[in-house]
Student: 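Have a look at this one.
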Amino acid sequence: MNEDYDVIVLGTGLTECILSGIMSVKGKKVLHMDRNSYYGAESASITPLDDLYKRFGLPGKPPESMGKPRDWNVDLIPKFLMANGQLVRMLLITKVTQYLDFKVVDGSYVYRKGKVHKVPSTETEALSSSLLGLLEKRRFRNFLLFVTNFDENDPKTMCGFDPQKTNMKTIFQYFKLQADTIDFTGHSLALYRTDDYMEQPCIETINRIKLYSESLARYGKSPYLYPLYGLGELPQGFARLSAIYGGTYMLNKPIDEIVIENGKVVGVKSEGEMARCKQLICDPSYITDRVNKVGQVIRAICILNHPIPNTNDVSSCQIIIPQNQVNRKHDIYVCMISFAHNVAAKGKYIAIASTTVETNDPESEIKPALDLLQPIEQKFVSISDQYVPTDIGTDSQIFISKSYDATTHFETTCDDIKDIYKRMTGAEFDFNEMERKKQDTFGDAVE
């Protein structure tokens with residue numbers, strides 16, 4: 001270990017593994033260490049099921065009704081991939097798709113007035129949706145046509161609006177959309193967590209809805225994909241990529257000290273040895289004096305022996321409970337996968353409810369989601385602190401990732417990866433430049 005490296009990476013969360021892979025591909029000499037004996041860190045998939053019971057302090061072993069413990073791969077932090085989103089592009093660029101198989105998530109739903117409805121995301125679905133009255137269907141269809149045809153380079157498609165100056169509230173008013181329609185548009189299509197976007201320039205929201213529609217168009221059932229055998233496959237895939245390009249991995253490696261001289265990182269000490277480096281990437285748990293706590297996320301992993309009611313008995317889905325439907329400031333998310341994804345025993349389902357904590361009674365905050373899942377066989381509840389770096393790394397060359405948020409997609413994680421990449425290299429993360437080197441094998445990886 002007493003060697004010099006360009007980059008040392010601490011922690012094997014998805015963010016760290018993607019950056020490790022990218023830096024290795026760029027020709028950097030990378031050392032990647034984790035104090036844990038498994039990949040994924042906070043975003044790991046836990047197997048066998050006995051280990052999940054131990055992790056959450058539940059006495060005894062899983063009952064026989066849960067099937068074989070080895071049949072389970074349970075994500076600690078549930079997320080789906082947008083089929084046309086940034087993480088899929090990163091997987092394609094780096095050809096990590098050859099290590100993974102994906103399944104299209106069966107449906108996307110939204111909660112309204114105590115019931116679950118399929119999210120209408122095309123003009124055809126808008127006209128048949130039970131969410132909308134007759135006049136509202138036409139108005140919403142016109143809105144979707146406007147979004148579909150919108151082109152920043154063609155003023156004729158903008159209906160006279162300046163996309164950089166007109167806020168989204170004005171756009172909704174122009175199409176005379178009702179409050180409930182605005183609710184599921186902003187939270188289930190544009191995937192915002194709060195209503196702050198209403199006062200922001202409309203271009204961001206329009207692009208988000210376009211991403212949802214384009215992702216949906218790619219495979220049909222929903223805009224989301226999920227890897228067989230769980231999300232733990234993703235960091236392992238990028239770890240393999242790094243190793244192919246000469247990266248060195250060390251699991252179960254305690255980190256004794258991050259060595260800083262004259263305000264700049266120079267290396268990492270572990271078990272009496274020191275590895276030197278020019279740059280360091282790590283998750284917040286490795287350097288707590290350079291991060292701020294900005295909130296908490298509650299997650300409840302629920303094991304079910306049935307699909308979620310009112311979802312057409314699908315084997316996987318997402319349900320978003322918009323904040324306004326339950327008098328909150330943040331949305332509640334439900335993410336369900338099942339035995340169909342090789343993450344649970346035959347006939348079993350895993351539904352995970354999550355939200356940003358707002359009160360001193362976090363579990364009561366996800367009650368609307370838990371009510372949708374009943375009956376629940378077993379429940380595992382965790383509350384995680386959320387951290388953001390206070391050191392952007394310009395001087396110290398220490399680049400710290402953000403904690404994973406409550407959302408059920410990876411777009412915010414990818415934004416963090418691109419931000420760290422820019423701070424490390426001084427250049428934007430350029431998809432186009434890297435895409436010329438890829439082979440589009442993704443279609444073969446999706447069932």
Side-chain angles (χ1 to χ4, degrees), residues 5-34 36 38-45 75-100 102 225-227 230-249 251 279-286 389 393 398-405 407 409-425 427-435 437-438 441-442 445:
Y5 294 87
D6 295 312
V7 182
I8 292 179
V9 184
L10 305 181
T12 54
L14 181 61
T15 302
E16 288 70 38
C17 285
I18 290 178
L19 285 164
S20 173
I22 290 169
M23 290 301 160
S24 297
V25 170
K26 284 178 68 70
K28 303 286 187 183
K29 187 178 179 183
V30 176
L31 171 64
H32 201 145
M33 296 189 285
D34 193 319
N36 299 306
Y38 52 85
Y39 286 98
E42 291 302 305
S43 58
S45 300
D75 300 328
L76 295 177
I77 295 178
K79 287 186 187 286
F80 293 145
L81 291 78
M82 295 291 281
N84 236 35
Q86 299 181 88
L87 181 52
V88 167
R89 292 178 76 186
M90 288 179 184
L91 285 160
L92 286 169
I93 287 162
T94 53
K95 302 180 190 175
V96 170
T97 46
Q98 62 193 301
Y99 311 126
L100 302 162
F102 291 83
L225 302 173
Y226 182 80
L231 294 176
E233 296 296 296
L234 289 169
Q236 288 191 66
F238 282 99
R240 289 190 194 108
L241 173 76
S242 177
I244 286 168
Y245 284 88
T248 302
Y249 270 75
L251 295 180
Q279 294 181 308
L280 178 82
I281 300 169
C282 65
D283 71 45
S285 69
Y286 283 91
I398 296 171
F399 302 94
I400 309 164
S401 61
K402 295 178 181 176
S403 303
Y404 298 101
D405 61 28
T407 61
H409 56 84
F410 279 109
E411 294 304 297
T412 49
T413 302
C414 292
D415 288 341
D416 190 29
I417 290 163
K418 292 197 303 185
D419 182 50
I420 292 171
Y421 178 90
K422 183 178 179 181
R423 284 185 274 132
M424 287 185 72
T425 65
E428 298 284 348
F429 185 86
D430 188 345
F431 283 107
N432 293 326
E433 178 189 301
M434 301 182 85
E435 276 187 323
K437 302 169 189 171
K438 75 170 175 65
T441 57
F442 201 73

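Here the structure is a predicted model, which is why all the values come from computation and not from measurement.
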Student: Measure the spacing between OH of Tyr5 and NZ of Lys28 and express it to the nearest 0.5 Å.
Tutor: 16.0 Å
Student: Roughly how far, to the nearest 0.5 Å, is the CZ atom of Phe80 from the OG1 atom of Thr407?
Tutor: 12.0 Å
Student: Does NZ or CZ of Arg423 come closer than 6.0 Å to the centre of the six-membered ring of Phe399, within 45° of the ring's axis?
Tutor: no
Student: Kindly give the heavy-atom pair with the smallest separation between Phe429 and Lys418, and that separation in Å.
Tutor: CB-CG, 3.9 Å
Student: What distance do Tyr404 atom OH and Asp416 atom CG have between them, rounded to the nearest 0.5 Å?
Tutor: 8.5 Å
Student: Would you sort out whether Lys26 and Tyr421 count as a side-chain contact (heavy atoms from CB on, under 4.5 Å), showing the intermediate values?
Tutor: CA-CA 12 Å; Lys26 284 178 68 70; Tyr421 178 90; 3.3 Å; yes
Student: Write down the atom of Cys282, the atom of Tyr286, and the distance for their closest heavy-atom approach.
Tutor: CB-CB, 4.0 Å
Student: What's the separation between atom CE in Met33 and atom CG in Leu251, rounded to the nearest 0.5 Å?
Tutor: 11.5 Å
Student: Look at the side chain of Gln279 and the backbone N and O of Met424, then say whether any donor-acceptor pair between them is shorter than 3.5 Å.
Tutor: yes
Student: Could you tell me which non-hydrogen atom of Gln86 sits nearest to which non-hydrogen atom of Asp415, and how far apart they are?
Tutor: NE2-OD1, 3.0 Å
Student: Just verifying a value: how many Å separate Asn84 CG and Arg89 CZ, rounded to the nearest 0.5 Å?
Tutor: 8.0 Å
Student: Taking all non-hydrogen atoms of both residues, which atom of Ser45 and which atom of Gly232 are closest, and how far apart?
Tutor: OG-N, 2.7 Å
Student: Report the distance from atom OG1 of Thr413 to atom CD1 of Ile77, rounding to the nearest 0.5 Å.
Tutor: 8.5 Å
Student: I need the minimum non-hydrogen distance between Tyr39 and Ala239, along with the two atoms involved.
Tutor: CE2-CB, 3.7 Å
Student: Can you name the residues that form a side-chain contact (heavy atoms from CB on, under 4.5 Å) with Tyr245, not counting sequence neighbours?
Tutor: Ser24, Val25, Leu241
Student: Show me the donor-acceptor pairs within less than 3.5 Å that the side chains of residues 10-20 make with the rest of the protein, sequence neighbours left out.
Tutor:
| unit_1 | atom_1 | unit_2 | atom_2 | d |
| --- | --- | --- | --- | --- |
| Thr12 | OG1 | Asp34 | OD2 | 2.5 |
| Thr12 | OG1 | Gly40 | N | 3.1 |
| Glu16 | OE2 | Ser401 | OG | 2.6 |
| Ser20 | OG | His32 | ND1 | 3.1 |
| Ser20 | OG | Ser242 | OG | 3.3 |
| Ser20 | OG | Tyr249 | OH | 3.3 |

Student: Would a 4.5 Å heavy-atom cut-off, applied to side chains only, mark Ile417 and Met90 as touching?
Tutor: yes
Student: For Glu42, is the CD atom crowded, meaning more than 12 foreign heavy atoms sit under 6.0 Å from it?
Tutor: no
Student: Specify the closest pair of heavy atoms between Lys402 and Pro389, including all atoms of both residues, with the distance to one decimal.
Tutor: CG-CD, 4.0 Å
